[in-house]
Amino acid sequence: MRVAALAFLSLVATAPLAAAGEAVTFSGTIGKLPIIVELANGASGQYEAGRYSYMAKGADIPLHASANGKGSVTLEEEKPCTPKLCKKADDTQVDEAPIGAIWSLKADVAGGLAGTWKDAESGKVLPIKLERKDSRTLRDSDDLFDAMDPGYYPSGHPEPPVFTEKDLPYDFLKVSRPLKEGPVTNAGQLSYRMDEDSRVGLAYPTVVSLGGEDIGPINAYLAQQRLQFEIPAFTCLSRAYLGFAWSGFDGEGTSGFDGGGQVTVEHLSPRLIGISESGSFYCGGAHPDNFTDHRLADARTGQALVPEKLLKGWVAKDDSGNIIDPATAAKDAIITWGPDDELAAYVNSHRDKMDADSEQDCGYDDLVKQNLAVYFTQDSLVFTLQGLPHVIFACTYDMLSVPLKDARPLLTDAGAKYFAELDN
């Protein structure tokens, strides 16, 4: 739970600047520096909390409403924590965050806000000008900072989650700035490049050509995937602030990626794109999160794909491991996807075996049932392991590779259509 650092003062009962339970996104400037702002309303119907980011930096800075008037709001901006500022003598956290600046804003007729930013120490004043861009309804939470947190945005089921600008307008604005373009990788009539967001040092693919197909849909998919990949990095940068869960751990206030996250294009055709995301992420806690995740999408439509669309024997299970129909599952049901008994047995009987000690220590036959994943290289279907906990992450390996020309018995009719090798 993120900690709300200040108790909000009594709010004047006036016409609200936005609806209760709503977060409004603005873009504009402090002085000459471009910023984005998201302000959230609580039960009072008034702005009670918010976050903002300098576009050149990316980290969110917490804002707390200290007063509301008719068409106006005063906000207190946190300053970054240090042990001296945010820890008591007994090493517990202080109750109130250190304040670095005061915002005094008034609404304009177009729904924007304008006013001043004042440094709490030097008294320096800069103008603020904000244009209203969009809004979203917040999920229920007792803490507005939790409610605004994009890392907890409800994705629903089935997987994979796909966010849109309407879901997270502030965060999509954050990743709309120009990227550092990488060199173009060519593969016949197909090409892509790895474009880097220098604020967090993460590069993600942009398709340049797709054999004459429209690249708009697939690049829209890649843009939202980039956002989802970068959200943990921006969140970790923001943990330099008490309101965004600063606790004094190493890693807080950084991107969290040790050596940078890595993204690889594994398969690219006019029909299908496959990418992998991997790395080691640490932003406080007992140990880093080591991960490798594989993503698939329809290259023509930009629609995210999941293994059950392509692979026979990929089934939905409840939290007890029973096979269920996801269409009839309860809305709050915990659903996982994985191989049925027949597919698990196939992989276990055909996979490359490890040495006897590794087979026993890792328990690979059971991991196949619980953590099997699939991805596609340019010419093969590969069964691998995914989502292993830290203590056995080293057990991850590619278990079985099947040439695409021989993979038809493993694929659904819909899945086979993504591969020219299987055209009749």
Side-chain angles (χ1 to χ4, degrees), residues 55-59 150 160-163 165 168 171-237 254-282 288-305 373-380 382 384 386 396 398 418:
M55 287 294 285
K57 300 294 184 182
V162 176
F163 300 154
E165 291 186 48
L168 297 171
D171 300 281
F172 270 87
L173 270 180
K174 185 184 289 187
V175 296
S176 66
R177 71 192 294 268
L179 301 166
K180 180 181 177 182
E181 294 186 3
V184 175
T185 298
N186 292 297
Q189 293 183 311
L190 310 172
S191 60
Y192 67 93
R193 61 174 189 261
M194 301 298 294
D195 293 346
E196 179 182 316
D197 189 330
S198 58
R199 297 171 296 182
V200 287
L202 298 177
Y204 216 84
T206 299
V207 172
V208 178
S209 61
L210 198 61
E213 298 286 340
D214 181 9
I215 63 174
I218 193 58
N219 279 332
Y221 164 80
L222 291 170
Q224 67 89 20
Q225 282 297 133
R226 172 191 291 278
L227 170 60
Q228 290 177 225
F229 189 52
E230 291 188 349
I231 279 175
F234 287 126
T235 298
C236 195
L237 285 172
T254 73
S255 73
F257 284 98
D258 182 10
Q262 294 162 351
V263 180
T264 302
V265 177
E266 298 174 317
H267 183 99
L268 181 62
S269 77
R271 307 180 190 186
L272 184 73
I273 188 170
I275 57 177
S276 69
E277 302 171 352
S278 62
S280 181
F281 181 81
Y282 179 76
D289 174 22
N290 301 312
F291 66 95
T292 299
D293 296 319
H294 301 278
R295 315 287 184 196
L296 294 167
D298 186 306
R300 293 190 182 104
T301 66
Q303 179 68 43
L305 297 172
V374 64
Y375 69 94
F376 296 90
T377 66
Q378 212 54 34
D379 56 11
S380 297
V382 181
T384 189
Q386 183 170 291
T396 303
D398 290 345
Y418 282 102

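The residues of the chain are indexed from 1 along the displayed sequence. As the structure is a computational prediction, the values presented were derived from the model and not from experiment.
- The disulfide (SG to SG under 2.5 Å) contacts involving residues 175-213 comprise nothing, where partners must be two or more places apart or lie in separate chains.
- Judged as a side chain to side chain donor-acceptor pair (under 3.5 Å), and not counting sequence neighbours, T292 has no contacts.
- Among residues two or more places apart in sequence or in another chain, the side-chain contact (heavy atoms from CB on, under 4.5 Å) test is passed with E196 by K180, S198, A203.
- Take L202 and apply the side-chain contact (heavy atoms from CB on, under 4.5 Å) test, not counting sequence neighbours, and it matches V200, F229, E230, A233, F257.
- Listed by chain and residue number, F172 satisfy the side-chain contact (heavy atoms from CB on, under 4.5 Å) test with E165 (two or more places apart in sequence, or in another chain).
- Legend: residues meeting side chain to side chain donor-acceptor pair (under 3.5 Å) with S280, ordered by chain and number and at least two apart, are N290.
- Between the T254 side chain and the G256 main chain, a donor and an acceptor come within less than 3.5 Å of each other.
- Q225 is not listed as a side-chain neighbour of V263, based on a closest heavy-atom distance of 4.5 Å or more.
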What side-chain donor-acceptor pairs closer than 3.5 Å can you find for residues 183-190, not counting sequence neighbours?
none

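- Considering only residues two or more places apart in sequence or on other chains, T396 meets the side chain to side chain donor-acceptor pair (under 3.5 Å) condition with none of them.
- Among residue pairs with one or both ends in residues 202-222, those qualifying as salt bridge (Lys or Arg N to Asp or Glu O under 4.0 Å) are E213-R300; sequence neighbours excluded.
- Residues passing the ring pair (Phe, Tyr, Trp, His ring centres under 6.0 Å) test with Y221: none are found, sequence neighbours excluded.
- Partners of D379 according to the side-chain contact (heavy atoms from CB on, under 4.5 Å) rule, which considers only residues two or more places apart in sequence or in another chain, are T377.
- Side-chain contact, Y204 with D197: no donor N or O sits under 3.5 Å from an acceptor N or O.
- Shown here are the side chain to side chain donor-acceptor pair (under 3.5 Å) partners of D195, two or more places apart in sequence or in another chain: R193, T206.
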